[in-house]
Amino acid sequence: MVETKQWRADPLTAGLENDPQIKAAAQCLIEGEVIAFPTETVYGLGGNAKSRDPIRKIYEAKGRPSDNPLIVHIATPEQVREICTEINPIAKKLMDTFWPGPLTLVLPSRGEVSDAVTAGLSTVAVRMPSHPVARALIRTANLPIAAPSANRSGHPSPTKAEHVLHDLDGRIAGIIDGGETGVGVESTVVDCTTTPVTILRPGGISREQLIDAIGPVADDPAMTRPDQTPKAPGMKYKHYAPEAVMYLVPGGGERIQGLVAHEKNNGRRVGVLTTEENENGYPLADVVLTCGRRGELESVAHSLFAVLRDFDSKKVDVIYSETFPEKGIGKAIMNRLSKAAAGRLID
Ligand code: TXA
Ligand code: MG
């Protein structure tokens, strides 16, 4: 156990690069420690990507399988060129359109980052976050920062500092509390070494936005076919799971009410995951939690992981969840929900 230092940084303050809290956190990174920090998607657990020791600490703190590579976070275009051998015109267009922002590009690695970061692959995943605290931290440390989501492996990704502390207090050197993150689901991971490029993980930038910018894109077949091995190693692991058994119920409403009634007869404590529009639609359930508004899928993404974590504190045995249209950010929402439910869908 170590003492986890806590710093605070308001993303709306000007001149964060001179903030003593950011400087102290950056100094920890320079000294080879690992610290958690907010990004616009979720909190990350960062360490110097060029050095093996901090990367080992990241895997250890998370309990992460070592074959699952990390995303390298950078703050300037020069840093991408230091890390990757080739930036093809499509990759360049994606960077110009969506960076800084919630898009991760898989590119050929120059071998500048530790093998521990890439899990021995010849490619490296790179992203330029837009969160002012993340940007100030990376600039101040003046290092490429490898950072997976700052949760224990298998848990929902953290969107608040308290989620990080719940999972990692005593296991990491520090955390910068920059308030709640915005997008709420992780970045979209796009493999730029294929033609057309391939979406390996749906996320904060939608398929439609990518197509608008560069034309055709492919989906990793593993996203819809369980018999295929995902190209992003992390996509094969159990993820986002609340403690209760969760089921997705297309149609929601009366179908969920029927299921709730059945579970109650069997003496189970039942939770329902819905949105503000339907909050009063499940009078039989023991716990009804809402994530945003169905009419605004961004608001659902924003609070999804916090709500999954809230169910743990409500001690329910089973959760029935509504489903969402797979358009825009709805694709990432359904991907995370379906993992949280370990694929259990009541059709
Ligand atoms: O929004 C995000 O992306 C957050 C914040 C902190 O930036 N980070 C994040 O990292 O979600 P993580 O480690 O939880 O997920 C990284 C994903 C994993 O599925 C991993 O397997 C995949 O990216 N990945 C990393 N490097 C890769 C590579 N070279 N080829 C294919 N997939 C890769
Ligand atoms: Mg993660």
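Count residues from 1 along the sequence. These figures come from a predicted structure and were not determined experimentally. Start at 1 and go down the list; that is how both ligands and their atoms are numbered.
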If only atom types and distance count, is the side chain of [X] paired as donor or acceptor with the main-chain N or O of [Y] below 3.5 Å?
X	Y	answer
S299	R293	yes
Q79	I74	no
N48	G32	no
D312	E243	yes

Problem set entry | CA sep, side-chain torsions, deciding dist, call: V190, V217, side-chain contact (heavy atoms from CB on, under 4.5 Å) | CA-CA 9 Å; V190 172; V217 300; over 6 Å; no
Indicate yes or no: does an N/O atom of [X] lie under 3.5 Å from an N/O atom of ligand 1?
X	answer
T39	no
T41	yes
L121	no

Would you mind checking which non-hydrogen protein atom is closest to [atom], with the distance to 0.1 Å?
atom	result
atom 29 (N) of ligand 1	T123 OG1, 3.1 Å
atom 22 (C) of ligand 1	A232 CB, 3.9 Å
atom 31 (C) of ligand 1	K231 O, 3.5 Å
atom 19 (O) of ligand 1	G234 CA, 3.4 Å

Numbered atoms and elements of ligand 1 in range of [X], under 4.0 angstrom, heavy atoms:
X	value
N68	18 (C), 20 (C), 21 (O)
G44	6 (C)
S149	8 (N), 9 (C), 10 (O), 12 (P), 14 (O)

Taking atom types as modelled, is there a side-chain donor on [X] or [Y] under 3.5 Å from an acceptor on the other?
X	Y	answer
R127	T39	yes
T41	S187	no
E322	T274	yes
E186	S149	no

Is [X] salt-bridged to [Y], cutoff N-O under 4.0 Å?
X	Y	value
R8	D177	yes
K93	D96	no
K315	D286	no

Exercise. So which bit of R64 gets within less than 4.0 Å of ligand 1, heavy atoms only: side chain, backbone, both or neither?
Worked result: side chain
Problem set entry | Which segment of L200 sits under 4.0 Å of ligand 1 when only heavy atoms are counted | side chain
For this session: State which residues pass side chain to side chain donor-acceptor pair (under 3.5 Å) with R207; sequence neighbours excluded, sorted by chain then number.
Result: D219
Look at [atom] and find which of [options] reaches it with the closest heavy atom.
atom	options	value
atom 33 (C) of ligand 1	P69, P129, P65	P69
atom 16 (C) of ligand 1	V42, I58, I71	I71
atom 17 (C) of ligand 1	R201, K236, H73, H131	R201
atom 2 (C) of ligand 1	G204, G184, S187	S187

Exercise. CD1/I172 to NZ/K57 distance, rounded to the nearest 0.5 angstrom?
Worked result: 12.0 Å
Exercise. Which protein N, O or S atoms lie under 2.8 Å from the Mg ion (ligand 2)?
Worked result: S149 OG
Exercise. Does some non-hydrogen atom of P102 fall short of 4.0 Å from ligand 1?
Worked result: no
